[in-house]
Trainee: 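Can you read through this structure? Questions will come right after.
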Amino acid sequence: MSDAARVAVFTIPSHRSFADALAAGLIARFGKDPLALARGRVLLPNNRAVRAVTDAFVRASGKGLLLPRLIPVGDPEIDERIGGALDPVDSPPVPPAIDPTERLLNLASIVGADGSAEGLRLAADLARTLDALLIEEIDPTALRDAVDESSDLASHWEKSLLKLQLIYEAWPELLRERGAIDLAERRNRVLHALAERWKSDPPAGFTVAAGITTAAPAVAAVLRRVAHMPEGMVVLPGLWLGDVFPKKEWDALGPDEDKRGEATHPQYHLKLLLDRIGVARDEVRRWRWSGRAASPPARSRAVANAMAAPEFSHKWETLRAAERRLGGIRVAEFPDAAAEAQAVALALRDALETPGKTAALVTPDRQLAGRVSALLRRWGIEADDSAGKPLSHAATGTLLLGIAAAAAEELAPVPVLALLKHPLVGAEAEQRPEWLEQVRTLDRALRGPRPPAGLAGLDALFAEKDAVRAWAAVRERLSGLDGVLRQPISLSRFATLLGQAATALADDRAWRGPDGRMAAELLAELQSSESAARLNVTAADAVPLLRQLLDDRAVRPPYGGHPRIFIWGLLEARLQRADLLVLGGLNEGVWPSLPAPDPWLPPKIRATLGMPTLEFRIGLAAHDFASALGAPEVLITRARRDSRSPTIASRFLLRLDAISGGLPRDLTLERLTRALDDPGAPKPVDRPAPAPGAEERPKEIWVTEVDRLKADPFAFYASAILRLRMLDPLDADYSARWKGDEVHKVFEAWLKHDNCDPDKLRARAERLLADEAVHPMLRALWAPRLLEAIDWIADLERKNQAEGRNPLRAEITGESPLAGILVHGRADRIDSLPDGGLAIVDYKTGKPPTKKAIEAGFALQLGLLGLIGRAGGFEGVSGEPEVFEYWSLIRDRDKFGKCVRADKDMSEGEFLDRAYRTFADAAEKWLNGTEPFTAKLNPAYAPYGDYDQLMRLEEWYGRK
């Protein structure tokens, strides 16, 4: 047979381990001569496949072996991997590929991104579209002709296509000025040159193209050449031959002139590849060697039947039992993603109980992979997660994002504390407890409404909260972030600031490890990039833009994980095999994923140009799924609900269920997963009623705590005896308490400095509202109501002063023993009456207590303050308390402001006597006696829920 007529194309069925079968066959054919293998070369799809085949050779040989040269065709420097010795002396060098980051930023400049995250995303979509055109070797003229022929496109498509045409035609010239070309174009040139060179001068030794399924024209040209070389072979993974997949169904896959083809079918891309290399399926032979981890051939036939195109699925009704048998495959469903991850981890851990057994999780769901990896650590297993994780999820990536967030929000409390608590920030491990103690001090000080922006605002806040010492320990590290994004800055300058801030916060810890080195490389690229210098970054876009740049880079752990447990993405799983394969995340939208939309190239133009449709990747995912089903043991898992809504089972899983009548459920795994962390039947607690001894009960109390003692004794117990306090949230809304405190400060300053001059009160309130610490929204909503109420207070003050009533003290603290308890109180205001008596005033920004509450023995604050005043407990104040008033700023009918007499309709002295009797009774029970502190004793008068979680209210409240 002549070389021109010779064709050598083989396939290794899915039920065999591809890498092991390939290695066994090559050793069998060329291993007799120790140097024969070393003289050959094997073209593989990617570096992961190179590692898999290397391991397979080691397993197959069982001894030392000189391996053939293993060349990943997806390597950016494929010409160097092939070897310079194969290049003719006079061959022109192929220009280098433009750096991917520089390319993205250049395209962002072209589309007018100007540093916006959305613009960068659009540039990334443009880069993918250009790559698709380059990989399919679409000439700019062909694109122009296709656009001209399509006259019925929507206007937005016409605009996108017009811009795409201009970019596609001008982009090569822009690259030429830089002395570079696109990576896809470079790979095309190298592969076409390789095919031409091997046509006239084939290399010595054998050449095998194995496991390559992409149908790109350049790759197909090389495979076509290899298939016809004297010692060349093409070995395809999982091609279904005629005994598995009938010719009628094969031919119906397309593509042809009248039909685009079944792009979502698992064999479509292999048919497209065979068409491009000019080989009929009948010419493909089955590889006769096999390796380890094989499954029954009948399963491959059943899988092929299950994945039949829709127009042929009716054959399921007439299939024999042997043609639908899926032995060795089981399925498990779980209520949510957390339970699914737990089950997968259990299944992988169980595999280790069998000596030598290997197990792997295969999933496109990186969140599931991360959860499983974390759960495996409970057994000390570090899984080999070859897909890695985005740089944005690694330690250095999260540090950079934290820095960007703190700068963008001008050192707001939440991003600042998140940054200071980052594990890389502060100090080495031995000094870290001291660092965290300083940060906790700042955390407590930052509770409440947001301070003014920048370092100046934090300086003032920490001085007020007595946290200057802790702030001094960290201030210098944050100084480089103060105000840096108040105005847009260039992306290159932004990268410089990120690097400087990371070093200031984390020293060289920020740049250690694979993620640190990768982050340093990214920042260095941005700093030296001309395109980055032309793009501006704003505060609003800083974090999303940086996240997008970090997401584009994957941090892969160094080799050395567990030797028998693996986690693979779909790309990494190709050509690999384990004794147990767990296929996780079998839900629609996950496996297969939804086709990513292309905002630049409409589907109609793709069809006209003969490019793969957006659904093409569903076919690749289907082939990955069908290939994975060839493992000896397969477990399929899915969650019935994700974090947002109920899920739908993957179309692939539904097909297997339909053809088999329902896959067997792994009920044991499902039960074990539920039992592993099952806390048992709930045992709700009873209403708490602690009864501490007499020596632990307090002998003093503040007047504001008496109502809590009577209404919710447990809350008083938690506050006064356990000394627990509810912390305000960070960046808290302006609460009623905050408003009350600020208004009290205004009234206090008004009395002390203005002697309650009614004409000066409004000015003080306006200064409060003008403070930059007050949010503009609060100012707009609160100012009209507050100022109207303030004017009412001023009018009331004029009236009181005209009647001879004058202010004595504001915000004065006093104390007096009552019923054997020392009672403390703080009066908002005490006035002297014309007859020498006293009026005690309590300011209220909310509603004053009702008459019903007073009659029920609550709202004792004014009465107890009166008792302290009667006993002379307020320094410098003497007289008999006669008037007890609430000055409320709430709306009363058609105005703001209301004065309520607490002792209304009571005889002289009755209000104080009632207050004393009520307090004495409470003190006798809980402070001097042995009464238990029962939770929510009078819930109608216990509106605050600070301690509801501590008392586990929901477990017992309302239960019979």
Trainee: Provide the closest heavy-atom pair for T934 versus A689 in the form atom of the first, atom of the second, distance.
Mentor: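 Taking T934 first and A689 second, the nearest heavy atoms are OG1-CB, 3.8 Å.
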Trainee: Give the minimum heavy-atom separation between T441 and A467, together with the two atoms involved.
Mentor: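 Between these two residues, the closest heavy atoms are CG2-CB, 4.1 Å.
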Trainee: CZ of R469 to CG of L442: how many Å apart, nearest 0.5 Å?
Mentor: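 If we round to the nearest 0.5 Å, R469:CZ and L442:CG are 12.5 Å apart.
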Trainee: For the pair R767 (side chain) and R762 (backbone), establish whether a donor and an acceptor sit closer than 3.5 Å, ignoring hydrogens and angles.
Mentor: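 It does not hold such a pair.
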Trainee: So with a 6.0 Å cut-off around CD of Q500, is the heavy-atom count from everything else above 12?
Mentor: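 Check passes, neighbour count above 12.
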Trainee: For E766, does the CD atom have more than 12 heavy-atom neighbours from other residues, nucleotides or ligands under 6.0 Å away?
Mentor: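 Atom CD in E766 is packed in, count exceeds 12.
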Trainee: To the closest 0.5 Å, what do you measure between CZ (R805) and SG (C756)?
Mentor: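 R805 atom CZ to C756 atom SG measures 10.5 Å (nearest 0.5 Å).
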Trainee: Going by heavy atoms in the side chains, are F714 and P932 under 4.5 Å from each other?
Mentor: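 Not in contact.
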Trainee: Indicate yes or no for a side-chain donor-acceptor contact from D828 to the backbone of D842 under 3.5 Å, with no hydrogens or angles considered.
Mentor: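 No, the answer is negative, given that no donor and acceptor are paired below the 3.5 Å cut-off.
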Trainee: Hey, is NZ on K799 packed in by over 12 heavy atoms from elsewhere, all under 6.0 Å?
Mentor: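 Not buried by this count: 12 neighbours or fewer within 6.0 Å.
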Trainee: For a quick test of reading the model, state the closest non-hydrogen atom pair linking A404 to L498 and the distance between them.
Mentor: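 Here A404 and L498 meet closest at N-CD2, 4.1 Å.
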Trainee: Determine whether a donor-acceptor pair (N or O, by modelled atom type, separation under 3.5 Å) exists between the side chain of Q861 and the backbone of V703.
Mentor: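 Such a contact is absent between Q861 side chain and V703 backbone.
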Trainee: Has R725 got more than 12 heavy atoms of other residues, nucleotides or ligands less than 6.0 Å from its CZ?
Mentor: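 Yes.
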Trainee: Between R952 and D686, is there a salt bridge with N-O shorter than 4.0 Å?
Mentor: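 Salt bridge absent between D686 and R952.
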Trainee: Answer with yes or no whether the side chains of H422 and T398 bring together a donor and an acceptor at under 3.5 Å.
Mentor: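 Side-chain D/A pair, T398 to H422: present.
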Trainee: Any donor-acceptor pair under 3.5 Å linking the side chain of K847 with the backbone of I890?
Mentor: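 Side chain of K847 to backbone of I890, a donor-acceptor pair under 3.5 Å: no, none is there.
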Trainee: Can you tell me how far CG of L927 sits from CD1 of I701, rounded to the nearest 0.5 angstrom?
Mentor: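 Those atoms lie 5.5 Å apart.
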Trainee: Can you check whether L401 reaches R547 side chain to side chain, under 4.5 Å on heavy atoms?
Mentor: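 A side-chain contact exists here, since the closest heavy-atom pair is under 4.5 Å.
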Trainee: Just by distance, do the side chain of K465 and the backbone of A445 share a donor-acceptor pair under 3.5 Å?
Mentor: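 Side chain of K465 to backbone of A445: a pair is present.
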Trainee: Quick check: does any side chain N or O of W435 sit under 3.5 Å from a backbone N or O of L420, one acting as donor and the other as acceptor?
Mentor: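 Yes, the answer is positive, given that a donor and an acceptor are paired below the 3.5 Å cut-off.
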Trainee: Students often mix this up, so state it plainly: with edges at 30° and 60°, are the rings of H744 and Y843 parallel, tilted or perpendicular?
Mentor: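 The arrangement is perpendicular - the two ring planes meet at more than 60°.
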Trainee: Please determine whether a side-chain nitrogen of the Lys or Arg among E811 and R826 lies less than 4.0 Å from a carboxylate oxygen of the Asp or Glu.
Mentor: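 Salt bridge flag = yes for R826 with E811.
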Trainee: Might you confirm whether atom CZ of R447 has over 12 heavy atoms from other residues, nucleotides or ligands at distances under 6.0 Å?
Mentor: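 Yes.
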Trainee: Measure from the side-chain N and O atoms of D443 to the backbone N and O of Q438, and report whether any donor-acceptor pair falls under 3.5 Å.
Mentor: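 Not at all, since once roles are kept as given, no pair shorter than 3.5 Å links the two residues.
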Trainee: Okay, side chain of D707, backbone of A859: is any donor-acceptor separation there less than 3.5 Å?
Mentor: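 At least one qualifying donor-acceptor pair exists.
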Trainee: What's the separation between atom NZ in K421 and atom CZ in R440, rounded to the nearest 0.5 Å?
Mentor: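 So the NZ of K421 and the CZ of R440 are separated by 8.0 Å.
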Trainee: Any salt bridge linking E742 with K745? Criterion: basic side-chain nitrogen under 4.0 Å from a carboxylate oxygen.
Mentor: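 Salt bridge present between E742 and K745.
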Trainee: Honestly, is K710 close enough over F858, meaning NZ or CZ under 6.0 Å from the six-membered ring centre and within 45° of the axis?
Mentor: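 Yes, a cation-pi geometry.
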Trainee: Is R809 paired with D831 through a side-chain N to carboxylate O contact shorter than 4.0 Å?
Mentor: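 R809 and D831: not salt-bridged.
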Trainee: Just wondering, do P834 and E803 contact through their side chains at under 4.5 Å, heavy atoms?
Mentor: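 They are not in contact (no side-chain heavy atoms under 4.5 Å apart), so the answer is no.
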Trainee: Given D459 and V468, is the side chain to side chain contact (heavy atoms under 4.5 Å, CB included) satisfied, shown in steps?
Mentor: CA-CA 8 Å; D459 288 341; V468 174; over 6 Å; no
Trainee: Once rounded to the nearest 0.5 Å, what's the spacing between atom NZ of K898 and atom NZ of K844?
Mentor: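 Taking NZ in K898 and NZ in K844, the distance rounds to 14.0 Å.
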Trainee: Step by step, would you call E788 with R785 a salt bridge (Lys or Arg N to Asp or Glu O under 4.0 Å)?
Mentor: CA-CA 5 Å; E788 184 177 337; R785 291 177 288 178; over 6 Å; no
Trainee: Do L912 and R870 make a side-chain contact, defined as non-hydrogen atoms from C-beta onward lying under 4.5 Å apart?
Mentor: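 Touching, per the 4.5 Å side-chain cut-off.
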Trainee: Might you work through the side chain to side chain contact (heavy atoms under 4.5 Å, CB included) test for V537 and L546, ending with a clear yes or no?
Mentor: CA-CA 10 Å; V537 179; L546 178 62; over 6 Å; no
Trainee: May I ask you to decide if R914's main-chain N or O and T918's side chain share a donor-acceptor pair within less than 3.5 Å?
Mentor: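 Side chain of T918 to backbone of R914: a pair is present.
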Trainee: Compare every heavy atom of G448 with every heavy atom of D728, then report the nearest pair and how far apart it is.
Mentor: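 The pair with the smallest heavy-atom distance is CB-N, 3.8 Å.
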Trainee: Does a side-chain heavy-atom distance below 4.5 Å link P758 with D795?
Mentor: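 Counting from C-beta outward, P758 and D795 never come under 4.5 Å.
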Trainee: Give the minimum heavy-atom separation between F874 and L865, together with the two atoms involved.
Mentor: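 F874 and L865 have their closest heavy atoms at CE1-O, 3.5 Å.
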Trainee: Using a 3.5 Å distance criterion without hydrogens, assess whether the side chain of W956 forms a donor-acceptor pair with backbone atoms of P684.
Mentor: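 No: the side chain of W956 does not pair with the backbone of P684.
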Trainee: For the CG atom of L411 and the CD atom of E409, what is their distance to the nearest 0.5 Å?
Mentor: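 It is 10.0 Å, given to the nearest 0.5 Å.
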Trainee: What's the verdict on side chain to side chain contact (heavy atoms under 4.5 Å, CB included) for F896 and L787, showing C-alpha distance, side-chain angles and the deciding distance?
Mentor: CA-CA 9 Å; F896 284 92; L787 292 177; over 6 Å; no
Trainee: Please determine whether side chain to side chain contact (heavy atoms under 4.5 Å, CB included) holds for the pair V883 and E885, giving the CA-CA distance in whole Å, both sets of side-chain angles, and the decisive distance to 0.1 Å.
Mentor: CA-CA 6 Å; V883 175; E885 294 177 338; 3.5 Å; yes
Trainee: Are more than 12 heavy atoms, taken from residues, nucleotides or ligands other than D466, located less than 6.0 Å from that residue's CG atom?
Mentor: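 For D466, atom CG is not crowded (no more than 12 foreign heavy atoms under 6.0 Å).
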Trainee: Step through the shown structure and confirm whether more than 12 heavy atoms of other residues, nucleotides or ligands are within 6.0 Å of NZ on K904.
Mentor: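 Open: at most 12 neighbouring heavy atoms sit under 6.0 Å from NZ of K904.
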Trainee: Is there side-chain contact between L497 and I489, with at least one heavy-atom pair below 4.5 Å?
Mentor: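 They are in contact (side-chain heavy atoms under 4.5 Å apart), so the answer is yes.
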Trainee: To check you understand the geometry: which heavy-atom pair defines the closest contact between A506 and L399, and what is its length?
Mentor: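 Shortest heavy-atom contact: CB-CD2, 4.1 Å.
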Trainee: Would you say L751 and L808 make side-chain contact, with heavy atoms under 4.5 Å?
Mentor: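 No - every pair of side-chain heavy atoms lies 4.5 Å or more apart.
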Trainee: Please identify which of these residues, Y947, W926, F933, meets the side chain to side chain contact (heavy atoms under 4.5 Å, CB included) condition with F716.
Mentor: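 For F716, the side chain to side chain contact (heavy atoms under 4.5 Å, CB included) test succeeds with only one of Y947, W926, F933, which is F933.
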Trainee: Below 4.5 Å, heavy atoms only, C-beta onward: do P688 and Y717 meet side chain to side chain?
Mentor: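 They are not in side-chain contact.
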Trainee: For atom CD of Q431, decide whether the heavy atoms of other residues, nucleotides or ligands shown that lie under 6.0 angstrom number more than 12.
Mentor: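 Count over threshold, so yes.
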